[in-house]
Amino acid sequence: MTLDFLGTLQRTHTCGELRASDAGKSVVLLGWVNRRRDHGNLIFLDLRDRYGISQVVLDKDLGDAAHAKAEQARPEYVVAAVGKVRLRGKDVVNPKMATGEVEIVAEELRILNDAKVPPFSPAEDAIANEEVRLKYRYLDLRRPEMQHNFEVRHKVALAVREYLSGQGFYEIETPFMTRSTPEGARDYLVPSRVHPGNFYALPQSPQLFKQILMISGMDRYFQIARCFRDEDLRADRQPEFTQIDLEMTFPQQETVFRIVEGFLSAAFKAVGITLPTPFPQITYDEAMRNYGIDKPDLRLPGLTDVKSAFTAENLAALQIDASLPVVALRIPKVGELSRKERDDNKPLFDTRKGAKYIDDLKRLEKGFPEAAAKVRELAQGGADDLLIVVAGDAATHIKASDTKSAGRLSEREIAIYSAAGNFRVELAKKYADRHGAFAVTDAAVNSPERDTGLTDGSAAFRPIWVTDFPMFEHDEETGKWMPSHHPFTSPHEEDMDRLVSDPASVRARYYDVAMNGLELGSGSIRIHQQQVQQEIFRALGMSDEEARERFGFFLEALQYGTPPHGGIALGLDRIVMILAGANSLREVIAFPKTAKAIDLMVDAPTPVSEQQLRELHIRPTKG
RNA sequence: GGGGACGUAGCUCAGUUGGUUAGAGCGCUGCCCUGUCACGGCAGAGGUCGCGGGUUCGAGCCCCGUCGUCCCCGCCA
């Protein structure tokens with residue numbers, strides 16, 4: 001088949017914009033053949049582009065040549081249709097299509113390019129398996145759903161840029177080829193040709209650069225920054241991902257919060273969803289007590305302390321450790337579970353750290369009617385709610401080097417709360433059809449109002465600030481105190497005197513923003529005084545020499561008039577994932593990698609030539 | 001590093017207790033069709049059952065290994 005040339009043709013309209021009011025216009029449409037319906041002397045071609053689909057009609061009586069071209073057209077061919085917009089007859093209007101009131105009567109059809117039969121059709125609703133989708137990513141990205149996801153992504157990024165620019169933030173780029181910074185992940189390394197045996201690292205985040213930009217007097221910085229971490233992947237983790245990264249001088253924690261609330265609500269508004277501000281706040285300890293997790297999903301009720309429902313005798317009889325929390329989790333409208341359902345749920349509960357649970361309230365009611373009634377009352381359990389009591393198992397003896405510290409949760413307490421919190425999340429996922437709390441989010445994501453106006457997102461999207469994380473974590477293996485985050489996070493000023501005497505009690509000026517059970521971002525007020533920085537390093541058991549070796553350039557910079565500063569980084573991919581209603585980051589990243597960090601389209605990584613390796617002074621030990 | 005699910009036609013999947021020539025829908029090819037929009041009708045092509053080994057008279061099915069994709073734990077503040 002000979003292909004046609006575009007010639008001087010110019011697109012007059014996209015495939016998504018023609019309406020009844022355009023009837024009579026002469027138009028040129030350019031796009032892909034979505035479908036062909038061949039009735040013999042009458043052929044319909046659906047033309048598709050990013051903007052939509054329009055029907056082109058080819059009537060043999062009205063033009064033999066154009067009709068003949070249409071006979072040759074096949075799905076995914078690229079064609080130009082020249083013709084007139086015509087109102088469709090009343091009985092053939094297609095209300096399912098935005099352009100369904102009109103059609104283009106083609107006077108000329110040019111086939112600008114043909115296409116092999118694709119391994120899967122972008123026009124089909126059924127989606128192929130991910131391996132095929134990723135290999136032929138360009139076909140996958142043609143699908144309207146994917147095009148929509150990237151529209152969302154673009155709008156979010158643009159809204160963030162506009163908002164932050166309006167707040168005085170400069171967008172400043174930082175290097176990709178740099179040295180290892182202190183996030184705890186493995187680095188992707190780039191070998192140096194001119195310095196044998198030396199490597200650059202790709203940034204896990206621009207953390208130290210943005211702090212140095214504050215020292216540099218840039219006052220307010222942001223960047224939509226690519227970050228790289230060489231760790232095993234998950235549905236919500238890719239080896240390279242994008243953060244909305246920002247830093248500012250002289251902030252209070254609340255200053256950062258207002259900025260983030262501002263750009264998040266602007267981003268949501270850009271895709272048609274209102275997000276009320278300010279976001280609620282809870283401390284890390286409250287989050288653990290109330291939700292058993294540091295990224296609570298507020299769409300469902302939290303945990304309830306129900307220890308007071310039980311007498312000491314009750315607890316002893318139930319083999320419950322009275323020194324540990326006793327909490328109830330409630331999932332609305334799940335109803336009573338059958339014996340089989342309860343058995344099926346067993347693997348969802350983590351018993352490794354001495355937690356156990358009672359999910360048969362009927363039995364509890366038989367043996368301990370008063371306690372059961374009190375649990376139901378405290379947890380405000382409706383008749384059709386699923387209620388489960390989680391507690392410490394008195395029968396398991398955890399060899400606990402427990403780190404109880406004044407005013408903070410102990411590791412064993414956290415273990416009980418976590419077991420309950422994770423169980424809550426798992427059961428909520430499993431019984432989503434029954435409680436319906438997640439369907440609200442799906443409905444908001446798919447709301448048709450978003451095209452025309454604003455949808456209320458207050459029930460569907462539940463952001464929350466989590467503050468006052470512990471400064472240190474106890475490493476069970478080494479017995480050392482480790483920074484919970486990076487070691488440049490400032491402790492609370494009033495906790496500083498306990499850095500050595502009681503590290504577990506020290507709160508960090510560190511905060512997370514979470515939404516619907518997903519961590520969206522985290523940040524902190526940083527240390528700006530060299531002396532405090534040294535104290536932190538010492539508390540971490542790091543010698544001055546070691547600190548100098550790892551962060552010397554930064555410690556040096558700290559000494560030249562560093563202003564108080566702080567900031568945050570939010571995962572752009574995750575925000576878009578929520579707004580797209582997707583279950584995986586791969587749905588919102590144009591060219592993502594598989595769970596084994598492989599790019600199936602370009603087939604990376606690959607071996608390289610001996611020559612390249614020699615130049616880089618590298619000799620692989622295998623492969 | 002560990003656990004789980006999946007792998008059969010281009011795509012989505014079925015395939016009984018191990019038994020003759022491995023099926024369906026969509027897609028594809030050809031012919032027919034002037035109002036379809038998931039068009040329709042007739043005919044047809046299309047298979048290394050992921051790969052390797054084993055058990056067996058006989059393996060898509062059982063066993064061992066291996067590769068790939070996905071999910072989870074560890075890991076990732």
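Numbers restart at 1 for each chain; the letters A, B, ... are given by sequence-line order, proteins then strands. Heavy-atom basis, side chains included; hydrogens, waters and symmetry copies ignored.
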Could you check which of B:A77, B:U69, B:U29 has an atom nearest any side-chain atom of A:Arg74? B:U29
Please determine, for B:A22, whether a Watson-Crick or G-U wobble partner exists with both distances under 3.5 Å, and give it or none. none
Expressed as a whole number of angstroms, how long is the span from A:Asn94:CG to B:C37:C1'? 5 Å
Start at the 5' end of RNA chain B and walk down; is the nucleotide closest to A:Ser522 or to A:Gly40 reached first? A:Gly40
Using the P atom in both, what is the distance from B:C26 to B:G41, to the nearest Å? 9 Å
One thing to verify: whether A:Arg143 and A:Asp140 come together as a salt bridge, which I'm taking to mean a side-chain N less than 4.0 angstrom from a carboxylate O. yes
Rounded distance in Å between the C1' positions of B:U8 and B:G23: 10 Å
Answer yes or no: is there an ion pair linking A:Glu240 with A:Arg226, defined by an N-O contact shorter than 4.0 Å? yes
Touch check for A:Glu103, heavy atoms < 4.0 angstrom, all strands: base, sugar-phosphate only, or nothing? base
Test A:Tyr511 against A:Phe257 for ring-ring contact (aromatic ring centres under 6.0 Å, His included), laying out the working first. CA-CA 9 Å; A:Tyr511 35 83; A:Phe257 292 0; 5.1 Å; yes
For A:Arg88, answer base if it contacts any base atom (sugar-phosphate contacts may also be present), sugar-phosphate if it contacts only those atoms, and nothing otherwise; contact means non-hydrogen atoms under 4.0 Å. base
Looking only at the side chain of A:His486 (C-beta and beyond, no hydrogens), which of the listed nucleotides B:U69, B:G27, B:A77 gets closest? B:A77
Same-atom distance (P) from B:C11 to B:C49, integer angstrom: 15 Å
Please check the phosphate of B:C39 (OP1 and OP2 only) for any side-chain N or O of A:Arg37 closer than 4.0 Å. yes
Side chain of A:Ser584 - closest among B:U69, B:C71, B:C75: B:C71
Would you indicate what A:Thr489 reaches in the nucleic acid, counting non-hydrogen atoms under 4.0 angstrom: base, sugar-phosphate, or nothing? nothing
Looking at A:Thr489 and A:Ser524, would you say the former's side chain and the latter's main chain have a donor-acceptor pair under 3.5 Å? no
Phosphate-side-chain proximity, A:Arg586 and B:C71, N/O vs OP1/OP2 below 4.0 Å: yes
Please determine if a side-chain N or O atom of A:Arg234 lies less than 4.0 Å away from the OP1 or OP2 oxygen of B:C73. yes
Is the shortest side-chain N to carboxylate O distance from A:Arg35 to A:Glu124 below 4.0 Å? yes
Minimum-distance nucleotide to A:Gln55 side chain [options: B:A38, B:C75, B:U36]: B:U36
If you check every side-chain atom of A:Arg237, which of B:U69, B:G27, B:C76 has the closest atom? B:C76
Given B:C28, B:G35, B:C75, identify the nucleotide with an atom nearest to the side chain of A:Arg86. B:G35
Any strand, both distances under 3.5 Å, Watson-Crick or G-U wobble: B:C33 pairs with none
Kindly say if A:Lys596 contacts the phosphate of B:C70, meaning a side-chain N or O under 4.0 Å from OP1 or OP2. no
Can you tell me how far C1' of B:C31 sits from CD1 of A:Ile43, to the nearest Å? 14 Å
I need the A:Ile589 CD1 to A:Gln238 CD distance, nearest 0.5 Å. 4.5 Å
Intermediate values then yes/no, ring-ring contact (aromatic ring centres under 6.0 Å, His included), A:Tyr357 and A:Phe423: CA-CA 10 Å; A:Tyr357 67 97; A:Phe423 202 29; 4.7 Å; yes
Verify stack between A:His39 ring and B:C39 base, 5.5 Å, 30 degrees: yes
Nearest-nucleotide pick for A:Lys96, side chain only, options being B:C70, B:C75, B:A38: B:A38
Strictly by Watson-Crick or wobble contacts shorter than 3.5 Å, is anything paired with B:A59, and which nucleotide is it? none
From C-beta outward on A:Pro75, which listed nucleotide comes closest to its side chain: B:G35, B:C28, B:U69? B:C28
Given the P atoms of B:G52 and B:A5, what is the spacing between them in whole Å? 24 Å
Just to be sure I understand the rule, does A:Phe469 reach a base, reach only the sugar-phosphate, or reach nothing, if contact means heavy atoms closer than 4.0 Å? nothing
May I ask you to decide whether A:Arg48 forms a salt bridge with A:Glu76, counting only side-chain N to carboxylate O separations under 4.0 Å? yes
Inter-nucleotide P distance (B:G7, B:G15), Å rounded: 10 Å
Gap between atom CZ of A:Arg36 and atom CG of A:Asp38 - 0.5 Å precision: 4.5 Å
Measure distances between side-chain N and O atoms of A:Asp232 and base N and O atoms of B:G74, and say whether any donor-acceptor pair falls under 3.5 Å. yes
For atom P, what is the distance between B:A9 and B:G60, given to the nearest Å? 14 Å
Which part of the nucleic acid, if any, lies within reach of A:Asp230 when heavy atoms closer than 4.0 Å are counted: base, sugar-phosphate only, or nothing? nothing
Of A:Val102, A:Val93, A:Asp22, the residue whose pairing with A:Leu87 passes side chain to side chain contact (heavy atoms under 4.5 Å, CB included): A:Val102
Write down the distance separating the C1' atoms in B:G18 and B:A59, rounded off to the nearest Å. 6 Å
Rounded to the nearest Å, what distance is computed from the NZ atom of residue A:Lys353 to the P atom of nucleotide B:G74? 8 Å
Considering just the side-chain nitrogens and oxygens of A:Thr594, establish if one lies under 4.0 Å of OP1 or OP2 belonging to B:U69. yes
Scoring nucleotides 6-13 of chain B by protein non-hydrogen atoms under 4.0 Å (B base, S sugar-phosphate only, - none) yields ----SSS-
Whole angstroms only, please: what is the NE2-P distance between A:His67 and B:G35? 12 Å
Roughly how far apart, to the nearest Å, are B:G50 and B:U12 at atom P? 14 Å
